[in-house]
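Read through the structure below, which is laid out as structure tokens, and then see the notes.
Counting from 1, the numbers follow the sequence of the chain as shown. Counting starts at 1 for both ligands and their atoms, in listed order.
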Amino acid sequence: MAVHTLQTPIEYLKGVGPQRADVLKKELGIFTYRDLLYHFPFRYVDRTKFYKINELTAELSSLQVIGRLVSKEIIGEKRSKRLVARLKDDTGVLELVWFQGINWLDRTLQPGSVYIAFGKPNEFNGRISMPHPELELYNPGAKKTGNLTLQPVYSSTEKLKQFSLDTKGIQKLQSVLLELILKDIEETLPEYIFKKFNLPDRKTAILNIHFPPDTALLDTARKRLKFEELFFIQLKLLKNKLLRTQKFRGRVFGQVGEKFNTFYNEKLPFELTNAQKRVIKEIRMDTQRGIQMNRLIQGDVGSGKTAVALMSMLLALDNDCQACMMAPTEILAQQHYHSIKQLLGVGFVEVALLTGSTPKRERKKIHDALLDGTLHILIGTHALLEDEVQFKSLGLAVIDEQHRFGVQQRSRLWKKNQIPPHILVMTATPIPRTLAMTLYGDLDVSVIDELPAGRKPIKTIHLFESQRLRMYGFMRQEIAKGRQVYVVYPLIKESEKLDLLHLEAGIEAISNFFPLPEFKISIVHGKLKPADKDFEMQRFVKGETQIMVATTVIEVGVNVPNASVMVIENAERFGLSQLHQLRGRVGRGAEQSYCVLMSGNKLSREGKIRLQTMVKSTDGFEISEIDLQLRGPGDIEGTQQSGVLDLKLADLAQDQKILQAAREEVIQIFERDPELKAEENRLLNDFFIKKDNGITWNNIS
Ligand code: ADP
Ligand code: MG
């Protein structure tokens, strides 16, 4: 007798065979029993509810109607050959249409009988029909055996349907499979954990997610499996963190010394915000423990991350260490260098800039000064990672703009010293808490959620195309005050040609309204040669032009404090985080700044929410939360490369509470039992020991 396990190839399942196995593999990536078991329904339909035919609209998802089959006929030729049947209830007639399996259907359908049709209504030529429904003879006398009130809906494809692997076909396989292996499904969570959260054991959860007896049991089944998915991600992240803190000692910055204090008391030109103070305190604590710090600072543009980084670097200096700061682009590195030099003043601390374009002789000097310790702070780009860059004693490395550097680059910095330097990562792309917990779950996260006092929040307004003249009038008014204006157009690959036309038309309109010689315009877009782009950019930076018309290529680093207006054309086409980033280009000077969102008169529901959000809020964190709700985690900027987000069941936008609970539970477990040695945590320890034992179904290895 064959032994059935989770690893058994799918063709061995009764009712599958080589042909169906082939389509299951190709269409759904189902190779083994286990793959099928974890092919969960993505939706459920309430089978106790019947719709009336006159209630159907194309917006409804799968549902069922009951009626008498009044006719059937095969029409059309070749590819458009189809079977059309009519189902009638007391409110109307519905066309049921099949393009496949026509002959078999023609033989078996019985006009005059009453059927239940299950499928999704569709609109074609202004009429509602139901393509490829599943049909079942209505049999009021039949007992409800196996007839679930909640009908699971599995993702399927046309190809699969040809092999009768529609929702019902897959459900049938699931029932055969569960019969064989339900008893072998192993528990992954210690009982005390799932009991604590009132969740079912794993067997029950898997059975009920495929065959839910009722909505309450379905809910707990789904919750249990989501919890499990998120729990093991956190277990892994926090275990890594624990290992790292055990493995990597860190320099102890025991004292706040002369450099830090002199700077704070005599040079810092402003009062720190409470948020800045809090983060500096967190860094102080981290660096006293003798463990390597790995901290992420999230803070909106302008929240004052540089000052925090600088003071942390001074702390390193006070403890006989050097510090470095790495930025993703040359422009950004230069900007950091200049602002830090300005804050420090002369003759206080030795600072140098190292980028790809640093001349050879200069480089040599820097290398030597780093080695003999006369250079204290090095600022630069990737050039810092080169092997020739060696420090006498690197104590702290600051990395600006986290998501552009990979983890590997972070670890290359560690190796610059025998005791790895403390690592401080800064990002200006606020991401929602749940994403941060997952993406950066192994880092400590600090948030600067407060802007320096006296900063005037940017005023944002939304104007429709019909109000365009008002916008031009406003631009004119601001330019008359000596300000500069950005006008940004979307340029998206899929609609590039049309976008370029819009850009051209826009440039023409602006040139007409703002004629030479009084007004001068810089134009920057991706089609320009880099040298021309730079030239145009510089003209605007120097104030030689008042208007900068650009596509979204404006560099992150562009900082023109005199620019006080950001006009975003076709604003409804930008994502929220992009709008927020663009808006961050203004509001850098002392003047009141404005952001004008231009849109067409007709907006989608989502487009409307995005623009309303921008008008209402200037808080990057709030905006990122709404962005997450609207678009789901995969589309949030900075998360694209991360496999952690390919979750099977859990949804970081919807399941924040479950995630929070899972993470807190893991934290407590490691506090009690850091090595997972206790008998009650045996299963958790197994998770790290057994690799492919079938217990994990998400891709977190
Ligand atoms: P971020 O890097 O977070 O975008 P920066 O560190 O560049 O922000 O700071 C933006 C501007 O605000 C700089 O000109 C900086 O000198 C100034 N700044 C920083 N902290 C404060 C503060 N507490 N009060 C007033 N101005 C501040
Ligand atoms: Mg910055």
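At least one heavy atom of S303 sits closer than 4.0 Å to an atom of ligand 1. Under a 4.0 angstrom heavy-atom cut-off, L343 registers as lying outside contact with ligand 1.
Ring orientation note: the planes of F474 and Y594 are nearly perpendicular, at an angle over 60° on the 30°/60° scale.
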### Query
How far apart are the C-alpha atoms of R295 and D286, what are their side-chain angles, what is the distance that settles it, and do they pass the salt bridge (charged side-chain N to carboxylate O under 4.0 Å, His left out) test?
CA-CA 9 Å; R295 188 168 280 280; D286 282 355; 2.6 Å; yes
### Message
If you apply the rule ring-ring contact (aromatic ring centres under 6.0 Å, His included), what do you find for Y489 with H525, and how did you get there?
### Response
CA-CA 9 Å; Y489 281 82; H525 55 80; over 10 Å; no
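With ligand atoms numbered from 1 in the order given, ligand 1 contributes 23 (N) to contacts under 4.0 Å with heavy atoms of L272. Listed by atom number, the atoms of ligand 1 under 4.0 Å from D300 heavy atoms are 3 (O). When each atom of ligand 1 is checked for a heavy atom of G302 under 4.0 Å away, the hits are 1 (P), 3 (O), 4 (O), 8 (O), 10 (C). The ligand atoms of ligand 1 that sit less than 4.0 angstrom from a heavy atom of E271 are 22 (C), 23 (N), 24 (N).
Judged by the 6.0 Å distance and 45° axis criteria, R610 is not positioned over the aromatic ring of F574.
The part of Q276 lying near ligand 1 is the side chain, judged by heavy-atom distances below 4.0 Å. Contacts with ligand 1 closer than 4.0 Å are made by heavy atoms of both the backbone and the side chain of T273.
Between E536 and K533 there is no salt bridge, since none of the side-chain N atoms of the basic residue sits less than 4.0 Å from a carboxylate O of the acidic one.
Closest heavy-atom approach to atom 9 (O) of ligand 1 among the candidates P269, P561, G299, G304: G304. Closest heavy-atom approach to atom 7 (O) of ligand 1 within the set V301, T427, T306, L451: this belongs to T306.
Listed for the R244 side chain is a donor-acceptor partner under 3.5 Å among the backbone atoms of D442. D318 places no side-chain N or O within donor-acceptor distance of the main-chain N or O of V256, the cut-off being under 3.5 Å.
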